[in-house]
Amino acid sequence: MAKTNVAPVMKQGKVIPWLYVLPALIIMTIFIVYPMINTINLSFLNKNGTASAATTCVEGEPCWGIFENYRYALTAELDTTNFSTAWNSFWLSSYGNMLKWLVVMVTGTVVLGLVFAVLADRIKHEALAKSVIFMPMAISFVGAGVIWRFMYNYGTSKVQTGLLNAIITSLGGEPVAFLSTIPINTFMLIIVGIWMWTGFCMTILSSAIKSIPNEVIEAARIDGAGEFKVFTSIMVPIIAPTITVVITTMVINVLKLFDIVYVMTGGNFSTNVIATRMYTEMYTNSQDGRGTAIAVILVIAIIPFIVMNIRRFMQQEVMR
Amino acid sequence: MNAGTKGGGKVFTTIAISVILILWLIPTIGLLVTSFRPVSLINTTGWWTVFYVNNGPEINKSEGTYLQQLGNRLTIDNYIDALTGYRGTTTYRKDCNDGSKPLGYKCDISDLLNPRGMGRAFLNSVVVTIPATILPILFAAFAAYAFAWFDFRGRYVLFAILVGLQVVPLQMTLVPVLRMYSALGLNGTFLAVWLFHTGFGLPYAIYLLRNFMGGLPRELFESAYLDGATHWTTFTKLVLPLTMPAVASLGIFQFLWVWNDLLVSLVFLGGTKPVMTYQISNMVTSMGAGWHLLTAAAFLSMIVPMIVFFSLQKYFVRGMMAGAVKG
Amino acid sequence: MKKSKLWSLIAVLLVVILAISACGKTPTATPTVAPTVSEPETVEEPTVSEPEASDEAAAVDEKPADEVAAAEIDCMDVKAGDTISLLYQWSGAEEEKFTAVLAPFVEACGVTITPESSRDQALLDTRVKAGTPPDLAFWQTPQLIQYKDQLIPMTDLGINEANYAENWRALGTVDGKWLGLPAKADIKTLIWYSPKQFKEAGYTVPTTWEELDALVEKMVADGKVPWSMGFESGDATGWTGTDFIQDILLVQQGAEYVNGLIDGSIKYSDAGVKTAYETYGKWATDEKYTIGGAQGTLSTGFNDAILKVFADEPEAMMVKQSGFAMGTILGTYPNLVYGTDFDFFGVPGAKGLQGGSDWMMAFSDKPAVKAFVAYLSSAKGGEEWAKASFDLTPNLAGEKAYVDETLLKKAEILAGATAFTPDIGDSIPGGFGKAEFSGVTDYVNGGDLDKVLETIAAAQAEALKE
């Protein structure tokens, strides 16, 4: 399938490449591929893996046979009375929330991370400035949950122990219950996510920016390009591959996102995401079949991004 | 907007950076301040009120300069209690000063090594984290090199699977792996945790490194080839040093994930070799009492990742690549 | 060169790590025995002796229950150095108290206990499914049903049956087998208040539900907020609401009714449940009755809700909460005095009590586990538990041994109760508990009550299907 106009520069045998790849492949097979196959198998069985999922169908209700767990995973959160209830319930379901997370958090972290990486590149105390953005990554989720409670806390009288509500009330406003008011609560959680993960994007993007040869940027400046122009037409194109990598990574991280929601709201008040729902089905409800079906859906959701990456992988080879 | 002049650009840069930094710092400062506050005040007043030295409860009023007054409103008891793993109803210092030695404590320096405290857990965390950071990066570097610069059958398919594997939820793999470990007698060993983290770190590590290595200029390899270098020497002498910025950032994050992980070490290592996250989560009772200790413990556990971050900064230096290509 | 320095640093680090980790390992463990033991965390180093005899040999020796109960501590066939692995959800100060309960047993029998503490259901579940469960787990009632095929009946382990009342035995019995030892109990049907505040305002503790209702209205008329409520509790947000509703059910319907909900003979969407929700909703959603109205109830942490009643400037007069509330109060306000600054009374008019309980379940029947079960269920075990003030013990021998004033009062309330019902949400397996929590949360958040109850009833039906 590979068009071999990408001939390798050096001689290589048939075996050598595999010597480089095999150790990693073996480890991944044992720790990820084999358990995943196990997971796929379980997703077609009932709650404790003793019979086919089809046996859990209830008479008189819709049934997808062996895909019954998938039916549950996909439709249980929807209110299908009519189109508008279905639409509304979708946006409060774990899938709807996932879309909100994907759009807002991925954009937020990548843009902020990129802007900060570029800006910090030009100041004296770069390491110090970057470490501030990086710091939230180093705080464990428990710690982050505690501190954001002090930001969002909803005090009910004169005393506000949450900073945001203290500011709002001192300006004469009414306090807001940030974590239980639908639909703003999901966005409040996304802010926590952006706060934690921007440091990740910044670090990776910063190392890409560092690898742009100085001469290239200087040349553009000498040609009279403004700083913004240098950023958009020199830097961004050069680091575009890295931006794709960061976006893909963030998409994957957001799809897997669990701790922030679990620690702060436990998925209540319509803030569930796919991973928290999977956890609830697996462990709180001990519904292994349904939990694993959700996990498989999660893996399927990543396919568009795989395609995107393979395309870029091929392009990169043709170009060089 | 177009920052035309250098001077305007500088002002803009400074302002933008300051705004972002302040926004980012506020929650962390909140955590830091809280970790130095006495437990009775944490729940009843906002953390920022600590700076209004003339307000607040009488017990904390004092004379002196602003800083002295501020200092009097703060306490390091949370840190002491977290370090020693104290679980009583008052504070470690109070109990020791009263002469009522808390159960299992000697009230001297040796309490820092109390099994409930952070000291021993710190050691365990280090033992878990360092190999679990180095191993995946090592294996990934080899594989990434092959994906970037070898031509072999099925590499597109393999790479596609690799990208997909990143999304496999960790919780799904615990049962089969644990079953395997117990058959092999690996349960409860550090090796078990290292291998698991290696397995889960690999897809992303290969993915990231391949992208960096794939971006290296072709001329580099051609000139190396003309000099008679083999793949091995190219890989070790040329590619690895050039990929250092990527390895460094990867190292930081793999380190963080392992350092902050609770579930994996709990499942495979258990409470018999507690890591820091285990001790942190166990400071709070099941009914939520004692979580002021969390704030202090969270800060203690941040120290090492921050050191790692700073020490790897030197690999993010402009022009490393440019110099290498020329030479 | 930079690179070689880095590699040598890595090499040195690896060597150090290997050295450290090698020290921690004991020779070998047989594959089926869970984690290798390095040093026990909480107990004194036992004197090490030769490897234990085979487990099967011990099964023969079984003593009549009464005889064992009379003895102080019966170590049975335990060899010094035998190990028991425990997994429980207690941590912090709770873990400390539990360790104190076990201390006499550890000392007498020389066993090594390897405890682990986690509230993560995933940990226990993973271990059980992978076939490497702990010897003993302390968890909630649904796990008795969930792991009924793996658990060893208490009667096979030599539990001292005489020390447990019939209803406790019934609660721990699944499919005719007694699978769990009730280790710890707490009463939920309590209302905490400040006697000082009550005295100042001229209020008296109500003795019937009507009096409570009247008191609440009087407080409102006086411009005071009667209740402090708080749902927020992470994953389990809403449980304080369902606790309160169960207490109302005990007042309005009685214990039979609650048990009917648990076994499924009464549907959760029944009219009686609806009335209880409405009674509760009237208070929980109105800022005249509770701090901050519905949003206050939803967004306040359950611990913060307790504290608001006992703050320097109290925001409300009463909070309904389990016995653990005292720990919360004293944790934040160590200077408050029980009896004058804070006190509690049973929910007036409740025909029966609601309680939370932790159950010990055994995945192993090795001699050390048998000795452990025998100890905890013995007279000595019950007394030690009571003396450690680790809440109430269902062990009858503990009844007279409490030293803590509040525990004495709680034990009295428990003894005077006509019936004891477990938490409904804790007793129905599967997704019911979560559905109930989310349901009450939705209801207080303005959701349609009939729809909410239908959803919970569906979860109830599904959970009890098999």
Side-chain angles (χ1 to χ4, degrees), chain A residues 2 4 8-10 12 17 20-21 23-24 27-28 31-32 35-36 38-39 116 119 122-123 127 129 131-135 137-140 142-143 146-147 150-151 160-161 166 203-204 206-207 210-211 213-214 226-228 241 245 252 255-256 275 295 298-299 302 306 309-310 313 316 320, chain B residues 2-4 9 13 16-17 20-21 24-25 27-28 30-31 46-47 139 142-143 145-146 150-152 156 159-160 163-169 172-173 176 198-199 202 211 214-215 218 221-222 225 231 245 249 256 260 277 280-281 294-295 298 301-302 305-306 309 313 316 318-319 321-322:
Chain A
T4 17
V9 272
M10 276 176 269
Q12 55 166 66
Y20 280 69
V21 179
I27 295 177
M28 284 188 291
F31 287 95
I32 315 180
M36 194 58 211
N38 187 58
T39 298
F116 199 83
L119 292 180
R122 306 151 49 140
I123 61 167
S131 70
V132 169
I133 306 293
F134 171 84
M135 201 149 36
M137 284 232 80
I139 300 178
S140 54
V142 208
V146 169
I147 191 47
F150 285 123
M151 297 296 289
Q160 296 289 347
T161 53
T203 309
I204 307 270
S206 171
S207 66
K210 295 291 175 199
S211 66
N214 247 337
E227 290 303 310
F228 189 69
V245 170
I252 290 169
L255 283 176
K256 285 167 85 168
L298 198 65
V299 176
I302 193 67
I306 296 180
N309 272 277
I310 290 296
F313 182 41
Q316 197 184 35
R320 71 189 179 203
Chain B
N2 199 328
T13 307
I17 286 200
I20 301 178
L21 285 185
W24 244 253
L25 269 176
T28 319
L31 185 65
W47 56 266
F139 288 124
F142 282 102
Y145 180 72
F150 282 130
D151 187 25
F152 59 97
Y156 288 102
F159 193 71
V163 179
L165 285 185
Q166 291 179 57
V167 85
V168 172
M172 291 296 134
T173 66
T198 305
L202 269 174
N211 278 289
R218 190 187 185 86
F221 294 84
E222 280 166 356
Y225 180 53
H231 269 295
S249 41
L256 270 180
N260 282 337
T277 44
I280 293 176
S281 67
L294 263 182
T295 55
S301 81
M302 254 175 77
M306 290 314 289
F309 181 78
Q313 276 295 316
F316 302 113
R318 144 112 38 230
M321 182 94 114

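Order of the sequence lines sets the chain letters (A, B, ...), proteins ahead of strands, with each chain counted from 1. Note that this is a predicted model, so its numbers are computed, not measured.
Only the side chain of A:F116 has a heavy atom closer than 4.5 Å to any heavy atom of chain B. Contacts between B:L31 and chain A at a heavy-atom distance below 4.5 Å involve backbone atoms as well as side-chain atoms. Looking at A:M36, the atoms closer than 4.5 Å to chain B (heavy atoms on both sides) all sit in the side chain, from C-beta outward. Residue B:T28 touches chain A through both its backbone and its side chain, counting heavy-atom pairs closer than 4.5 Å. With a 4.5 angstrom heavy-atom cutoff, A:I123 touches chain B only via side-chain atoms. Proximity to chain B involves both the backbone and the side chain of A:A24, based on heavy atoms less than 4.5 angstrom apart. Proximity to chain B is limited to the side chain of A:M151, based on heavy atoms less than 4.5 angstrom apart. For A:I133, the parts lying under 4.5 angstrom from a heavy atom of chain B are both the backbone and the side chain.
Contact detail for B:G199 and A:I32: the closest heavy-atom pair is O-CD1, 3.2 Å. Nearest approach of B:P176 to A:N38, heavy atoms of both residues: CG-ND2, 3.3 Å. Taking every heavy atom of both residues into account, A:A129 and B:L21 meet most closely at O-CD2, 3.5 Å. Closest approach of A:I204 to A:S207, counting heavy atoms only: O-OG, 2.8 Å. Of all heavy-atom pairs spanning B:M302 and A:A138, the tightest one is CG-O, 3.5 Å.
Chain A forms the most heavy-atom pairs under 4.5 Å with one residue out of B:N260, B:V163, B:V167, and that residue is B:V167. Per-residue heavy-atom pair counts under 4.5 Å with chain B were compared for A:T203, A:I302, A:L255, and the maximum is reached by A:T203. Listed options A:V21, A:L119, A:V146 were ranked by heavy-atom pairs under 4.5 angstrom with chain B; first place goes to A:L119. In terms of heavy-atom pairs under 4.5 angstrom with chain A, the leader among B:W24, B:F142, B:F159 is B:W24. Looking only at heavy-atom pairs under 4.5 Å with chain B, the residue among A:P241, A:S131, A:S140, A:A275 that has the most is A:S131. Counting heavy-atom pairs closer than 4.5 Å to chain A, the top-ranked of the candidates B:S281, B:A160, B:G30 is B:A160. Of the listed residues (B:P169, B:A298, B:A146), the one with the most heavy-atom contacts under 4.5 Å to chain A is B:P169.
You'll find the side chain of B:M306 reaches within 4.5 Å of the side chain of A:F134, heavy atoms only. By the 4.5 Å heavy-atom criterion applied to side chains, B:F309 and B:L256 are not counted as neighbours.
Taking the side-chain hydrogen bond (donor to acceptor under 3.5 Å, both in side chains) definition, one finds that A:N309 meets it with A:T248, A:R312, B:Y207, sequence neighbours left out. Judged as a ring pair (Phe, Tyr, Trp, His ring centres under 6.0 Å), and not counting sequence neighbours, B:F139 has no contacts.
Using cut-offs of 30° and 60° on the angle between ring planes, the pair B:H231 and B:F150 is tilted.
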